[in-house]
Amino acid sequence: MKRVFSGIQPTGNIHLGNYLGAVKNWVDAQDKKENFFCIVDLHSLTVPQDPDELRFQTRALAAMLLACGIDPDKSTLFIQSHVKAHAEGAWLLNCVTPLGWLQRMTQFKDKSAKQESVLTGLLTYPILMAGDIIFYDADEVPVGDDQKQHVELTRDIAQSFNGRFSQPFFTIPKPIIPVVGARVMGLDGPAAKMSKSSADKRGHAIRLLDEPKEIMRSFKRAVTDSGREIIFSDAPEKAGVNNLLGIYKAVTGKNKEDVIADFANARGYGDLKVGVAEVVIDMLAPIRAKYGQLMEDPAELDRLLAIGATQANAVAQPKVDEMKRIMGLVVP
Ligand code: TYM
């Protein structure tokens with residue numbers, strides 16, 4: 001059985017992009033794989049966080065993932081900082097990864113350009129992520145398009161470690177990028193991806209906890225173009241319509257022809273926007289209800305997360321111990 005590892009940051013505002021690009025695919029493939037899903041709180045520290053807010057959001061994200069359908073009987077769900085091997089092993093990988101590899105990362109370049117003072121962790125972030133994956137010998141990493149480069153770097157780090165210590169020690173993982181939903185764009189400007197950091201901006205994102213009225217309002221305000229044609233298209237001026245159709249396709253699971261047929265009688269983009277909003281509202285309603293229930297029982301949430309941490313630790317710690325041995329450390 002293939003082993004899957006993926007992660008998501010508890011920085012609040014989990015949105016439709018996170019859901020369609022990653023979480024939905026984790027849930028859908030759950031029965032067929034051995035799964036590790038990680039709430040990567042250590043990654044969130046690479047930009048300044050309010051401590052109480054981070055603590056709250058970490059638990060809230062656990063509840064949200066369970067509400068989305070992650071089943072603790074089928075998948076190991078855990079908090080990254082509960083498994084010490086992640087931080088410990090990341091140091092070891094720091095010592096075998098060239099600086100230039102990190103400086104080339106697009107996300108580092110984008111994020112650091114927006115900040116006055118850049119934390120070292122923002123640069124070394126992809127090493128922590130590589131460790132997440134390879135300490136579990138994951139075969140597959142289901143992520144949205146924006147994380148593909150980080151998974152490719154993970155492969156490079158694993159291959160270089162294997163080469164240097166001349167043994168096939170780490171499994172080389174493959175990024176699994178969904179065919180639809182891999183890059184959900186912001187509704188307020190389809191040139192930029194929907195992102196957590198902009199999710200509080202009016203009309204940018206659909207957050208999974210948004211009320212139906214708010215979801216409808218955001219879709220109705222979505223930026224499109226001055227034409228009327230409802231078609232899938234890569235043309236830059238059609239990016240808004242393409243994004244709406246992509247969301248509809250990912251949510252309904254229909255093929256392109258059926259999606260277009262559903263809007264054959266649309267009187268313009270207004271009908272398209274309402275149609276997309278309706279399927280999203282229907283999809284999110286049960287998730288919001290389940291989330292509410294789970295958040296009412298923090299003890300149960302903690303119990304499930306403790307089980308997840310124990311299971312994850314049993315895989316990752318022996319791997320990191322073995323890595324230490326290979327690198328020449330005295331392991332007690
Ligand atoms: P994060 O928390 O930013 O996002 C979680 C997942 O959501 C996907 N995603 C999107 N997909 C489609 N459209 C969008 N607009 C969109 N925005 C985000 C991301 O690609 C991701 O799959 N570094 C990772 C977390 C991480 C990780 C890992 C992932 C840490 N360790 C190990 C996989 C394996 C991140 O910040 O994701």
Side-chain angles (χ1 to χ4, degrees), residues 3-27 35-47 49 54 57-58 61 64-65 68 70 78-81 83 85-87 89-90 93 105-108 110-111 121-122 124-155 157-158 173-199 204-208 239 243 246-247 250-251 312 316:
R3 187 177 279 177
V4 168
F5 188 103
S6 201
I8 179 167
Q9 293 196 50
T11 27
N13 286 327
I14 171 169
H15 55 67
L16 197 58
N18 299 130
Y19 183 73
L20 297 178
V23 179
K24 182 175 185 294
N25 309 307
W26 304 352
V27 172
N35 315 284
F36 290 87
F37 298 124
C38 185
I39 297 165
V40 292
D41 53 351
L42 298 174
H43 276 87
S44 297
L45 296 176
T46 56
V47 293
Q49 300 289 341
L54 178 59
Q57 292 297 348
T58 300
L61 181 56
M64 181 51 87
L65 294 175
C68 288
I70 298 295
F78 69 104
I79 296 175
Q80 187 183 31
S81 65
V83 178
H86 290 257
L93 292 179
M105 292 293 108
T106 314
Q107 209 165 68
F108 172 71
D110 288 352
K111 285 193 180 174
L122 194 63
T124 55
Y125 167 119
I127 292 186
L128 184 62
M129 176 161 164
D132 295 342
I133 299 166
I134 62 182
F135 300 154
Y136 293 81
D137 281 312
D139 303 289
E140 297 182 353
V141 186
V143 282
D145 191 57
D146 63 332
Q147 295 298 323
K148 191 168 170 212
Q149 193 186 36
H150 288 159
V151 182
E152 277 158 5
L153 177 77
T154 302
R155 292 168 60 87
I157 292 175
K174 253 203 333 224
I176 305 287
I177 315 284
V179 182
V180 274
R183 200 168 175 80
V184 177
M185 310 310 279
L187 298 181
D188 57 345
K193 67 166 187 167
M194 191 176 282
S195 77
K196 287 199 199 107
S197 53
S198 302
H204 170 78
I206 301 298
R207 295 162 299 195
L208 300 196
N243 191 37
I247 292 172
V251 171

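The first residue in the sequence is number 1, and the count goes up from there. As the structure is a computational prediction, the values presented were derived from the model and not from experiment. Atoms within a ligand are numbered from 1 in the order they appear, just like the ligands themselves.
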Asp139: what forms a side chain to side chain contact (heavy atoms under 4.5 Å, CB included) with it, not counting sequence neighbours? Lys2, Arg3, Thr171
What pairs with Ser198 under side chain to side chain contact (heavy atoms under 4.5 Å, CB included), at least two apart in sequence or on another chain? Ser195, His204
side-chain hydrogen bond (donor to acceptor under 3.5 Å, both in side chains) between Gln149 and Thr106: does it pass, once the steps are laid out? CA-CA 8 Å; Gln149 193 186 36; Thr106 314; 2.9 Å; yes
Show me, by chain and number, every protein residue that has a heavy-atom distance under 4.0 Å to ligand 1. Phe5, Ser6, Gly7, Ile8, Gln9, His15, Gly17, Asn18, Gly21, Ala22, Val40, His43, Tyr125, Met129, Asp132, Ile133, Val141, Val143, Gly144, Asp146, Gln147, Gly181, Ala182, Arg183, Val184, Lys193, Met194, Lys196
Residue pairs passing the salt bridge (Lys or Arg N to Asp or Glu O under 4.0 Å) test with at least one member in residues 16-26, sequence neighbours excluded, are Lys24-Asp28
Would the number of heavy atoms belonging to other residues, nucleotides or ligands and lying under 6.0 Å from NZ of Lys148 be above 12? no
With ring centroids as reference points, do Tyr136 and His86 lie under 6.0 angstrom apart? yes
